[in-house]
Enquirer: 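Can you keep this structure in mind? I'll have questions shortly.
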Amino acid sequence: LLPDDRDAVLEMGTADTLIAKLSSNRHLIVRPLGSVRRFDQLDQDPLAAGRMLNVGAVLEGQVQRRADHVHLTARLLRVTDGAALWTGTFDENFTDVFALQDAIAEKVAAALSMKFDHDEQRAMQAGYTRNADAYLLYLQGRYHIGKVTPSEIHAGMDAFRKAIDLDPTFALAYASLAEAYRRLPITSDVDPKDAFPLAKAAAQKALEIDDNLADAHSVLGWIAFWYDWDWAASEKEFRRAIE
């Protein structure tokens, strides 16, 4: 792709979503977005990235969005010898991006000789929306808060609120809003008394919609640790998030 033709929000958002979906398979250990974010250059060698991350396989791809159309290519590469375990090309309307992501996750698992059972299938879609506009706002929000500066975190929060306005049942948007509030005292000199109660309320709202959302339990774990000094509650929430 030409550098001017890239959509960084959709790139990182697609990676973030696929990480979450693949992580729902209990037999896969998938590196988090924070570990792979630095490998986003067009000339990045995916096998070198895989060796640095000490993984067995790397999923690399390119994604373009033109108006309401999405074009995505993906390859699953074995790190030891560079063999292509699976390749795929997708052309979809943006409103079908959810089915596209589900298909990629399933094909990657199949290429690794794994399957999603019924519970994992359900977990793979947990907390998500089927509103394409809300989902794009969510991706924008995740992109902004990942930069961890005061202005970017507030821009992310604004995107999450707009996503929630479009879909009040979008649990992941509430969880990410909670995560953004959680980051404010550490990154932006916001009084903990102002930020952490709002983070807790947003996380609890996410869990009202989907009690199995690890993102929200993780936020509650940090709040109990940093703000409430309740070690038992913190441990309980972190263990629930890991589960």
Enquirer: How close do Ser234 and Gly221 get, counting heavy atoms only, and between which atoms?
Expert: OG-O, 2.9 Å
Enquirer: Please answer whether the main-chain N or O of Asp230 pairs with a side-chain N or O of Asp228 as donor and acceptor at a distance below 3.5 Å.
Expert: no
Enquirer: Restricting to non-hydrogen atoms, name the atom on Leu77 and the atom on Gly82 that form the minimum distance, rounded to 0.1 Å.
Expert: CD2-O, 4.0 Å
Enquirer: Knowing that exactly one of Lys21, Arg37, Arg142, Arg31 qualifies, which makes a salt bridge (charged side-chain N to carboxylate O under 4.0 Å, His left out) with Asp16?
Expert: Arg142
Enquirer: In terms of hydrophobic clusters joined by side-chain contacts under 4.5 Å, are Val108 and Val97 together?
Expert: yes
Enquirer: Over all heavy atoms of both residues, which pair between Ala206 and Leu213 is shortest? Give the atoms and the distance, please.
Expert: CB-CD2, 4.2 Å
Enquirer: If the threshold is 4.0 Å, N to carboxylate O, is there a salt bridge linking Arg239 and Glu243?
Expert: no
Enquirer: Is the closest basic N to carboxylate O distance between Asp167 and Arg130 below 4.0 Å?
Expert: no
Enquirer: Whether the side chain of His217 engages the backbone of Asp211 through a donor-acceptor N/O pair (distance < 3.5 Å, no angle test) should be reported.
Expert: yes
Enquirer: Determine whether Phe94 and Leu136 make a side-chain contact, defined as any pair of heavy atoms from C-beta on separated by less than 4.5 Å.
Expert: yes
Enquirer: Side chains of Trp226 and Pro192, heavy atoms from C-beta outward: is any pair under 4.5 Å?
Expert: no
Enquirer: Please determine whether a side-chain nitrogen of the Lys or Arg among Asp133 and Lys162 lies less than 4.0 Å from a carboxylate oxygen of the Asp or Glu.
Expert: no
Enquirer: If I compare all heavy atoms of Ala103 with all of Phe90, which pair ends up nearest, and what's the gap?
Expert: CB-CE2, 4.4 Å
Enquirer: Does a side-chain heavy-atom distance below 4.5 Å link Met52 with Phe39?
Expert: yes
Enquirer: Rounded at 0.5 Å granularity, tell me how far CE in Met157 sits from CD in Glu179.
Expert: 11.5 Å
Enquirer: Side-chain heavy atoms under 4.5 angstrom apart, residues restricted to Ile, Leu, Val, Met, Phe, Trp, Tyr: same cluster for Ile209 and Leu166?
Expert: no
Enquirer: Within the structure provided, determine whether Leu59 and Ile104 are in side-chain contact (heavy-atom separation under 4.5 Å).
Expert: yes
Enquirer: Check this for me, if you would: do Arg240 and Glu237 make a salt bridge, where the nitrogen-to-carboxylate-oxygen distance has to be below 4.0 angstrom?
Expert: no
Enquirer: Could you tell me whether Asp7 and Arg65 make a salt bridge, using a distance below 4.0 angstrom between a side-chain N and a carboxylate O?
Expert: no
Enquirer: Quick check on the hydrophobic clustering: are Ile29 and Leu112 connected, directly or via other members, by side-chain heavy-atom contacts under 4.5 Å?
Expert: no
Enquirer: May I have the step-by-step check of side chain to side chain contact (heavy atoms under 4.5 Å, CB included) for Thr89 and Leu72, ending in yes or no?
Expert: CA-CA 6 Å; Thr89 300; Leu72 188 147; over 6 Å; no
Enquirer: Look at the side chain of Asn131 and the backbone N and O of Ala134, then say whether any donor-acceptor pair between them is shorter than 3.5 Å.
Expert: yes
Enquirer: Could you tell me the separation between the CG atom of Leu22 and the CE atom of Met114, rounded to the nearest 0.5 Å?
Expert: 10.5 Å
Enquirer: With side chains defined as the heavy atoms from C-beta onward, is the minimum distance between Thr187 and Ile153 less than 4.5 Å?
Expert: yes
Enquirer: From Leu177 CG over to Leu172 CG, what is the distance, rounded to the nearest 0.5 angstrom?
Expert: 12.5 Å
Enquirer: Counting distance only, does the side-chain N/O of Glu120 pair as donor-acceptor with the main-chain N or O of Asp117 below 3.5 Å?
Expert: yes
Enquirer: Quick one, Asp81 with Arg78, criterion salt bridge (Lys or Arg N to Asp or Glu O under 4.0 Å). Give me CA distance, side-chain angles, the key distance, then yes/no.
Expert: CA-CA 6 Å; Asp81 58 6; Arg78 189 164 55 208; 2.9 Å; yes
Enquirer: Indicate yes or no: at least one non-hydrogen side-chain atom of Leu76 is less than 4.5 angstrom from one of Val58.
Expert: no
Enquirer: Decide side chain to side chain contact (heavy atoms under 4.5 Å, CB included) for Glu106 and Asn25; before the verdict, give the C-alpha distance in whole Å, the side-chain angles of both, and the deciding distance to 0.1 Å.
Expert: CA-CA 10 Å; Glu106 296 222 5; Asn25 187 308; over 6 Å; no
Enquirer: Atom CD1 in Ile145, atom CZ in Arg182: separation rounded to 0.5 Å?
Expert: 9.0 Å
Enquirer: Atom CG of Leu139 and atom OG1 of Thr17: how far apart are they, to the nearest 0.5 Å?
Expert: 5.5 Å
Enquirer: Got a second to check how far Met12's CE is from Thr14's OG1, nearest 0.5 Å?
Expert: 10.5 Å
Enquirer: Taking Val190 as the starting point, is it possible to reach Val148 by hopping between hydrophobic residues whose side chains are less than 4.5 Å apart?
Expert: no
Enquirer: Determine whether the side chains of Gln140 and Tyr135 contain a donor N or O and an acceptor N or O closer than 3.5 Å.
Expert: no
Enquirer: Any sub-3.5 Å donor-acceptor pair from Tyr174's side-chain atoms to Ala216's backbone N or O?
Expert: no
Enquirer: Are the side chain of Thr73 and the backbone N or O of Gly61 linked by a donor-acceptor pair below 3.5 Å?
Expert: no
Enquirer: Side-chain heavy atoms nearer than 4.5 Å, only ILVMFWY residues, links allowed to pass through others: does that put Ile242 and Leu207 together?
Expert: no
Enquirer: Identify the heavy atoms of Leu18 and Ala105 that sit nearest to each other, and give their distance.
Expert: CD2-N, 4.3 Å
Enquirer: Taking atom CZ of Arg75 as the centre, report whether more than 12 heavy atoms of other residues, nucleotides or ligands fall under 6.0 Å from it.
Expert: no
Enquirer: Could you work out, with ring pair (Phe, Tyr, Trp, His ring centres under 6.0 Å) as the rule, every residue matching Tyr227, not counting sequence neighbours?
Expert: Phe196
Enquirer: Taking everything shown except Trp231 itself, do over 12 heavy atoms lie less than 6.0 Å from its CH2?
Expert: yes
Enquirer: May I ask you to decide if Asn212's main-chain N or O and Asp210's side chain share a donor-acceptor pair within less than 3.5 Å?
Expert: yes
Enquirer: Classify the ring geometry of Tyr138 against Phe160: parallel below 30°, tilted from 30° to 60°, perpendicular beyond 60°.
Expert: tilted
Enquirer: Under 30°, 30 to 60°, or over 60°: which ring-plane class applies to Phe225 and Trp222, parallel, tilted or perpendicular?
Expert: perpendicular
Enquirer: Test side chain to side chain contact (heavy atoms under 4.5 Å, CB included) on Asp91 and His69; report intermediate values, then the result.
Expert: CA-CA 7 Å; Asp91 286 285; His69 191 75; 3.4 Å; yes
Enquirer: Passes side chain to side chain contact (heavy atoms under 4.5 Å, CB included), Thr129 versus Thr169? Steps please.
Expert: CA-CA 8 Å; Thr129 181; Thr169 67; over 6 Å; no
Enquirer: Work out which heavy atom in Pro32 is nearest to a heavy atom in Ile19; give both atom names and the distance.
Expert: C-CD1, 3.9 Å
Enquirer: May I ask you to test the Asp191-Pro185 pair for a side-chain heavy-atom distance under 4.5 Å?
Expert: no
Enquirer: Counting only N and O atoms by type, is there a donor-acceptor contact under 3.5 Å from the side chain of Ser218 to the main-chain atoms of Ala214?
Expert: no
